[in-house]
Amino acid sequence: IIALFKAARTFHLFCSRAINRPVHLNSSAKVASLLKMPQTNKFKSAGASSAAQFAGPDRGEALRDPSILNVSFIKYQVKPFKRSFYIMNDIVCWHLRTGTALCIGVGSFSDPNDLPGLAHFLEHMVFMGSEKYPSENGFDAFLKKHGGSDNASTDCERTIFQFDVQRKRFKEALDRWAQFFICPLMIEDAIDREVEAVDSEYQLAKPSDSHRKEMLFGSLAKPNHPMSKFCWGNAQTLKTEPREKNINVYKRLREFWKRYYSAHYMTLAVQSKESLDTLEEWVREIFSQVPNNGKPKPDFSDQLSPFETPAFNKLYRMVPVRKVHALTITWALPPQEKHYRVKPLHYIAWLIGHEGTGSILSMLRRKCWALALFGGNSETGFDQNTTYSIFSISITLTDEGFQNFCEVCKGHQSRPSILLHFLLLLQTDPIEYVEDICENLQLFPKEDFLTGDQLMFEFKPEVISVALNLLTPEKANLLLLSPEHEGQCPLREKWFGTQYSEEDIQQHWRELWAGDFDLNPSLHLPAENKFIATDFTLKTSDCPDTEYPVRIMNNDRGCLWYKKDNKFKIPKAYVQFHLISPVVQKSAKNLVLFDLFVNILVHNLAEPAYEADVAQLEYKLVAGEHGLVIKVKGFNHKLPLLFNLIVDYLADFSAAPDVFSMFAEQLKKTYFNILIKPEKLGKDVRLLILEHSRWSTIQKYQAVLDGLSVDELMEFVSSFKSELYAEGLVQGNFTCTVSFLTKLQFKKLSVEVPVLFRVVELPQKHHLCKVKTLNKGDANSEVTVYYQSGPKNLREHTLMELLVVSMTQFWWLTTEGYHVYPTCRNTSGVLGFSVTVETQATKFNTELVETKIEEFLMSFGEKMNSLSREAFKTQVTALVKLKGCEDTHLGEEVNRNWTEVVTQQYVFDRLSREIDALKLMTKAELVNWFMGHRGEGNRKLSVHVVGYGVEENDPPSEEHPVSKLTFLPASTLLASVTTITDTQAFTSTLNLYPYHKILK
């Protein structure tokens, strides 16, 4: 990496040569140059400073395929309140849902100094009913009933609200939603409840290293700059401190809404299949009452250079929550939004984030110093606003890379290339599309509303060079994360409690970085890309067209399913294979070796397959529970070339000793990072109890701690490849004569390998497994209450789905516990349902939460009994419509078919069968189904992952080893339950259900 610093001159010279070099475009390349930089570059850019997860406290930035504009559009200026909005009518639309988003030009930068988090809090409060529709959670209930969803997020200078719903209910939903901006109730009695929801969001975010990095970085800004504010808000800033200072939060909240939720700050995007005239009429009718105060919009553009402070351009060492070594090099630049037509940071990010031969990451991987590298700007408010823009390089280091991090900073060198490729754009989800558009309305002139964030309009080397010249060593800030910093970091970040230290960058480092040096010969521009497609013709069917996949090959070594795409008619295809092996599940050690095998295989492919990624071909290798899953997708012309490359590397697999050691160490960190998350640990414990012969993550973690060797890995890989059953699906723009896996030679399986586990039959009583979280000091707890049904048929599975949908209509625990969700469980073919609550030990004891779940289930049973026939029919209809929605792209259809293949169930018409079953269901049947699980003899299992906090009567400093579960006893509150303190002893006495698939 130091050539990133040493590189100021060489890097600039190198880039300037390439940037100013004449580029000759063929016809395909000309098309590409008019579109945008490749999606892979946007991904690199989004990962730059981990701000991809920061698009406001509520959500992360969506990274998705770009979308073609299958719409007609008109921009209207609504005179009564001067609001800009777009109305879009789908010309080509394969879905029945509609989408709407509204962006307000105000965010956390506008928080008053004495009420941090007020903008975020207001975003929550406006959802709490309106004068016209006063029910506190009425809008959410309406959307759930009609197959919709909603969300909101608060960024630095913008707040976005969005929803989608079935088209039939769109106008009514639009009217209900608009009332939040016309006359929200914001009842004073709801203040404390919603503060708890905001605080729970904050508590859930505290263990996130990315959020911790952001808060630490923000604290480096000038004291009076809005970047230094605490944007999340919590109980301390919104309840405790205001009471101590006699601040009336309710009054201030009303004032904030009146001042900033004004029509002339708002932009709106609406998408549906109604006519444009109809949509315009609805928008004018519904939104014309949004108040307009006429006051100037908040403007922070005069507060430039917030990081020109003594605190910047230093080395910060930080103790992460996860086990990870990472280095982030960050530059704070002048705002770059004005250069949106050039997007200079995209060019630099593309070069730095390149992963092919001759790249920075390639060089670091060869030294076994780095696992991943991301460079660029995420374009969220944290990374880019009216006061600054960030450019960051984040490197995930190995243990050896951490020890040599100074050299990593030295060796960085990059080189520009302009990717020329053809990009086919697909229809995206309406809620994502309108969200982008409503934000674009705030940022770009009208001619660029639809494409301002996507296209590279102009090529100006001088603008790119200006940005490049700012990336110098003396202007960079370094943040180094490592668990090895524990005990060496005396400072604490105020809000997230992050341990860190601050030090000046050593002078001899600066001299190394700034000195003259020769260009590293291993760094060079990419070669010609052989994976770029040139044939986009649609294949002619060479076998009868079918609605569902058909088996075109079947023998004792595998089978192949095939379906020609005649619906979406695009020159793309999907190829997916499941290589099933009997050796994977033989032991926890084998599972670890299997994970190592797949990780190293992905590492070996990283460079040769990267150009395929650039050419819009994608691949994924997954260590499945019973075998290796290979997935490739993209333009069909060169897709076999990519698949064959993967098979070649699989067939000729090798693992250098240093690479093996690097990934063995990384695997320890991976397992550790899984186990410290309450939701992952809860799932691990639940499935360890339910699925016979399952190896838990804790057992895998212990196996990797015990030590492994390269010889053991190679012996495992040899055994894995010797006997396989290969099952595949080919779907899209291929003929049925296509062939794959020709190079991989293997024998048929000596014994059949089931692709699912056998499941224990729970006793007919309530059992509780209560374990302590493995993340020291983490307050987050999780409670899951699971009811087992047993091996059931397709109709009963659909009935269970309807039950869970019905539960969401009556859910009220969100005001007390936050993050509550009922789930339909299909555990290796055995049916059940569960209710999960994520809460904090600083607020609630897990056993108290369980009693609240029980209260809800009792109340739900009563409400189900009193449910009218019309209300029941509405719920059924909503689920029918949800299942009946047309696929928006080929991938949705492929994923559904692949699920049937990989589970060996092959019920490709499952959705239509479920819809037929739903139409025949009665309320009495649903009520009896639910009460049958609640009566005497129910098979109930509760799993508690208990956080640290006063409600659990333990000190925050208490710590438990990650390699072992700490079982806790039940209190008198759950005295009647049977506690599980030894999972193996408990399950060894239970009967096992036979292998079961839901086929009919």
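The first residue in the sequence is number 1, and the count goes up from there.
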Of His225, Glu157, Met227, the residue whose pairing with Phe300 passes side-chain contact (heavy atoms from CB on, under 4.5 Å): Glu157
ring-ring contact (aromatic ring centres under 6.0 Å, His included), that's the test. Do Trp350 and His354 meet it? Break it down for me. CA-CA 6 Å; Trp350 173 249; His354 201 274; 5.8 Å; yes
Reference residue Trp177; test ring pair (Phe, Tyr, Trp, His ring centres under 6.0 Å); the match among Phe170, Phe127, Phe163: Phe163
Show, in sequence, the C-alpha distance, side-chain angles and deciding distance for Lys258 and Glu255, and conclude whether the salt bridge (Lys or Arg N to Asp or Glu O under 4.0 Å) test is met. CA-CA 5 Å; Lys258 187 175 181 180; Glu255 291 172 353; over 6 Å; no
Kindly state whether the ring of Tyr261 and the ring of Phe256 have centres lying under 6.0 angstrom apart. no
Ring geometry between Phe307 and Phe217 (parallel below 30°, tilted from 30 to 60°, perpendicular above 60°): tilted
Would you kindly say whether Thr888 and Glu892 are connected by a side-chain donor-acceptor distance under 3.5 Å? yes
Step-by-step salt bridge (Lys or Arg N to Asp or Glu O under 4.0 Å) determination, Glu462 to Lys460: CA-CA 5 Å; Glu462 66 277 10; Lys460 293 185 176 180; 5.3 Å; no
Checking side chain to side chain contact (heavy atoms under 4.5 Å, CB included) for the pair Thr451/Phe444: CA distance, chi angles, key distance, verdict? CA-CA 9 Å; Thr451 56; Phe444 308 121; over 6 Å; no
What class does the angle between the rings of Tyr260 and Tyr265 fall in, given that below 30° is parallel, 30 to 60° is tilted and above 60° is perpendicular? tilted
The salt bridge (Lys or Arg N to Asp or Glu O under 4.0 Å) partner of Arg158 among Glu379, Glu435, Glu439 is Glu439
If you compare all heavy atoms of Gly294 against all heavy atoms of Ser262, which two are closest, and at what distance to 0.1 Å? N-OG, 4.2 Å
Are a donor atom and an acceptor atom from the side chains of Asp453 and Asn440 found within less than 3.5 Å of each other? yes
Test Tyr347 against Phe459 for ring-ring contact (aromatic ring centres under 6.0 Å, His included), laying out the working first. CA-CA 10 Å; Tyr347 290 89; Phe459 178 65; 5.8 Å; yes
Mind jotting down which residue pairs meet the salt bridge (Lys or Arg N to Asp or Glu O under 4.0 Å) criterion with at least one end in residues 285-300? Sequence neighbours excluded, please. Lys171-Glu285
Set out, in order, the CA-CA distance, both residues' side-chain angles and the distance that settles ring-ring contact (aromatic ring centres under 6.0 Å, His included) for Tyr133 and Phe142, then state yes or no. CA-CA 11 Å; Tyr133 302 100; Phe142 176 85; 8.4 Å; no
Please check if atom CG in Asn113 has more than 12 non-hydrogen atoms from other residues, nucleotides or ligands closer than 6.0 Å. no
Is a salt bridge present between Lys222 and Glu308, judged by a nitrogen-to-oxygen distance below 4.0 Å? no
Do Ser392 and Thr328 have a side chain donor and acceptor closer than 3.5 Å? no
Ignoring hydrogens, what is the shortest heavy-atom contact between Lys475 and Phe312? Give both atom names and the distance. O-CE2, 3.5 Å
Suppose we screen for ring-ring contact (aromatic ring centres under 6.0 Å, His included). Which residues come up paired with Phe121, at least two apart in sequence or across chains? none
For Thr154 and Ala119, the nearest pair of non-hydrogen atoms, with its separation, is OG1-O, 3.9 Å
Are the side chains of Asp150 and Phe161 in contact, using a 4.5 Å heavy-atom criterion? no
